[in-house]
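Just so you know, ligand 1 is whichever comes first in the structure, and atom 1 is the first atom listed for that ligand.
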Amino acid sequence: MNIEVIQGDITTTAADGILVGICEDAENLASSATDVAVVDKLMGGAIKSLVDAKGIKGKRNEVTVLHTVGRLPSRLVAVCGMGTRDKISTEAIRDACAEGCRALRKAGCSSVAAGLMADGDAGLSSSQVAAAMAEGAVLGLYTFSHYKKPEMVGVESVSLLVQDANDLTAVRDGVITGTALAEAANMARDMVNEPANYMTPSRMAEIAVELGAQYGFKTTVLDTEEMRTLGMGALLGVASGSAQPPKFIRMDYRGGADTSATIGLIGKAITFDSGGISIKPSQGLEAMKGDMAGGASVIAAMSAIARMKLPVNVTGLVPATENLLGSAAYRPGDVVQAMNGKTIEVISTDAEGRLALADAISYAVKEGLTPLIDVATLTGACQIALGNSYSGMFSNNQELADRIIKAAAVTGERTWQLPLADEYRELNKSLIADIKNVGNRYGGAITAALFLSEFAGDVPWVHLDIAGTSDSTKESGVILKGATGVPMRTLYEFVRCS
Ligand code: BES
Ligand code: MN
Ligand code: ZN
């Protein structure tokens, strides 16, 4: 799918369908987002009469597709709800554009056109609006079609129409950024949607190598022997039950000064989590192919950071392995030793993510990376606590946490901070080792984060638990059924602002 920027407007441009935004408080259409009043007038008041009859309310995610019956050069118009006018944000624009593009695709449109869906009143620059629209279109039209033909004919082009020639450059810049981000998020979605018999640790490593060559970062893949030499006993413990060789993927991007610090992004990549000997119930187990979503978001973020040539230094680390069971598998009660020397008593082989991350975080600390952001589908408890819209966030540094909150507010990827409660630290104490990998029944997301914090030490660190947010059973705005790509865009935005 191609996004082009053209000088013109929707009254003269012929596309199969056009998008216009409408606000919730827009009895007077002229006061709504740009273009809807113009289209309404050409259509003889058709939109206005639907608004008056409460058939169109302008609420977020509402789309009404109307036939233009020859009154405009385009066949269909999708009237997209944007919520109340004073709350128009890049998020509202992204979602409206995603919903509108999907509705037009469903109606058979292969070309879509739209003017900017918000004007200066929203406090957004034309470049920000264009970026949000491009993101919305590319995210909203995503399909995963590796194993079956797509059910609908795809949208081939989305044209952003700019009336003022002075705006062209800014809009083009916005489209470049928005497209790069959404395409990277879609890459993460592809990796997560792929089944575990395809998306193995080796395949993830190959993808990291390919993206590095394409966009300009260096990928180094450590194999079992190299991990053993480094002392990554926790990660290797998890890997011991699988015939798939584990891979420790390191991606180095150097866009900043030699003297400036290197940010560490760390993503859990369990390409299938059976639970190991502490085996999971079979109901819903297929979803555990997505237990590598943290790693996928880090690989995709590295590609976007390098593609946009951000002036920063970033290293991405992805410990990738399966968690299976067999005669060589690690067992409950085993003691493993992480790279930083700490011994860990394995209470449950299903608390494997924190073991893989223990070694990855230890590695990051040893390499001097700072700050550290880890992303992991870590605990069912986090999903219970926050549901499927909010990722859990934990940090040992409030200033850093605030920067992540700020980045997430820009991307619309909901994030909620939970306490790194010191008083629960004792729940991770082991009788025979430095620490154990399970706390108790309650506060499971917190004890998991506390476990990780032992490996980050004093280095400013944030942990994002995406167990509830990495995939979705519902479709809404830029979120589709299946993998979400969360929190790739937040990682990017955080790095961009660093
Ligand atoms: N990958 C799971 C967490 C998970 C659960 C992700 C649901 C996505 C959806 C993780 O490895 C796990 O199994 N965690 C256990 C920890 C427990 C054994 C302490 C859990 O949450 O039950
Ligand atoms: Mn598990
Ligand atoms: Zn897991």
Side-chain angles (χ1 to χ4, degrees), residues 192-193 196 199 201 204 234-235 237-242 244 246 266-297 318-325 329-334 336 344-360 374-392 394 418 424 427-430 435-452 463-473 482-484 486-487:
V192 175
N193 283 329
M199 196 50 60
M204 287 190 81
L235 174 56
V238 178
S240 60
S242 173
Q244 286 293 338
I266 305 168
K268 168 181 171 180
I270 304 298
T271 58
F272 186 76
D273 180 13
S274 69
I277 302 290
S278 315
I279 194 167
K280 287 180 181 294
S282 54
Q283 180 77 32
L285 195 46
E286 67 282 359
M288 283 301 126
K289 72 172 183 179
D291 208 21
M292 33 56 75
S297 74
V318 177
T321 176
E322 279 193 307
N323 185 24
L324 289 184
L325 53 166
Y330 77 140
R331 323 150 185 80
D334 282 3
V336 293
I344 307 166
E345 185 185 8
V346 178
I347 301 301
S348 169
T349 60
D350 197 14
E352 84 297 337
R354 66 197 78 179
L355 296 174
L357 289 171
D359 276 329
D374 85 69
V375 188
T377 46
L378 203 65
T379 66
C382 191
Q383 187 175 8
I384 299 283
L386 296 177
N388 296 112
S389 294
Y390 285 79
S391 300
F394 299 85
L418 296 168
Y424 299 164
L427 297 172
N428 285 333
K429 284 210 170 122
S430 160
I435 194 168
K436 61 185 172 73
N437 77 335
V438 171
N440 69 2
R441 207 165 122 69
Y442 301 111
I446 299 175
T447 47
L450 285 166
F451 178 95
L452 298 180
H463 158 59
L464 293 169
D465 192 332
I466 58 165
T469 52
S470 63
D471 58 25
S472 173
T473 54
T484 60
V486 166

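Taking backbone and side chain together, K268 holds an N, O or S atom under 2.8 Å from the Zn ion (ligand 3). Look at D291 and the Mn ion (ligand 2): no N/O/S atom of the residue is under 2.8 Å from the metal.
With ligand atoms numbered from 1 in the order given, ligand 1 contributes 6 (C), 8 (C), 9 (C) to contacts under 4.0 Å with heavy atoms of A467. Close contacts of ligand 1 with S348, meaning ligand atoms under 4.0 Å from a residue heavy atom, involve 18 (C). If you number the atoms of ligand 1 from 1 as listed, the ones under 4.0 Å from a heavy atom of K268 come out as 1 (N), 10 (C), 11 (O).
Between K268 and D291, at least one side-chain nitrogen of the basic residue sits less than 4.0 Å from a carboxylate oxygen of the acidic one, meeting the salt-bridge criterion.
Under 4.0 Å from ligand 1, heavy atoms of D350 appear from its side chain as well as its backbone. At a heavy-atom cutoff of 4.0 Å, ligand 1 is contacted by the backbone of L378 but not by its side chain. At a 4.0 Å heavy-atom cut-off, ligand 1 does not touch R441 at all.
Nearest heavy-atom pair, S240 versus G237, reported as atom, atom and distance to 0.1 Å: OG-O, 2.6 Å. Looking at every heavy atom in both residues, V375 comes nearest to S297 through CG1-OG, 3.8 Å.
In D273, the N, O or S atom that comes nearest to the Mn ion (ligand 2) is OD2. With respect to the Zn ion (ligand 3), D291 has OD2 as its nearest N, O or S atom. Nearest N/O/S atom of E352 with respect to the Mn ion (ligand 2) is recorded as OE1. Residue-level check: among N/O/S atoms of D273, OD2 sits closest to the Zn ion (ligand 3). When the Zn ion (ligand 3) is compared with the N/O/S atoms of E352, atom OE2 turns out nearest.
Within a 4.0 Å radius of atom 22 (O) of ligand 1, the protein contributes no non-hydrogen atoms.
Here the OG-CG distance, from S274 to L324, works out to 5.0 Å after rounding to the nearest 0.5 Å. Atoms CG and OH, on N440 and Y424 in that order, are 9.5 Å from each other to the nearest 0.5 Å. Atoms NE2 and CD1, on H463 and I266 in that order, are 11.5 Å from each other to the nearest 0.5 Å. Rounding to the nearest 0.5 Å gives a distance of 8.0 Å between NZ of K280 and OG of S348.
In terms of protein heavy-atom proximity, atom 2 (C) of ligand 1 is nearest to D273 OD2, 3.6 Å. When only non-hydrogen protein atoms are considered, atom 20 (C) of ligand 1 lies nearest to G380 N, 3.9 Å.
Under the 4.0 angstrom criterion for non-hydrogen atoms, R354 is in contact with ligand 1.
Between I344 and F451, the closest side-chain pair of non-hydrogen atoms falls below 4.5 Å. Looking at P201 and P246, their side chains never come closer than 4.5 Å, going by heavy atoms from C-beta outward. Residues Y330 and N323 are in side-chain contact: their nearest non-hydrogen atoms beyond the backbone lie under 4.5 Å apart.
Side chains of T484 and S472: a donor-acceptor N/O pair is absent below 3.5 angstrom, by distance only.
Atom 4 (C) of ligand 1 has its nearest heavy-atom neighbour, among E352, M288, Q383, in M288.
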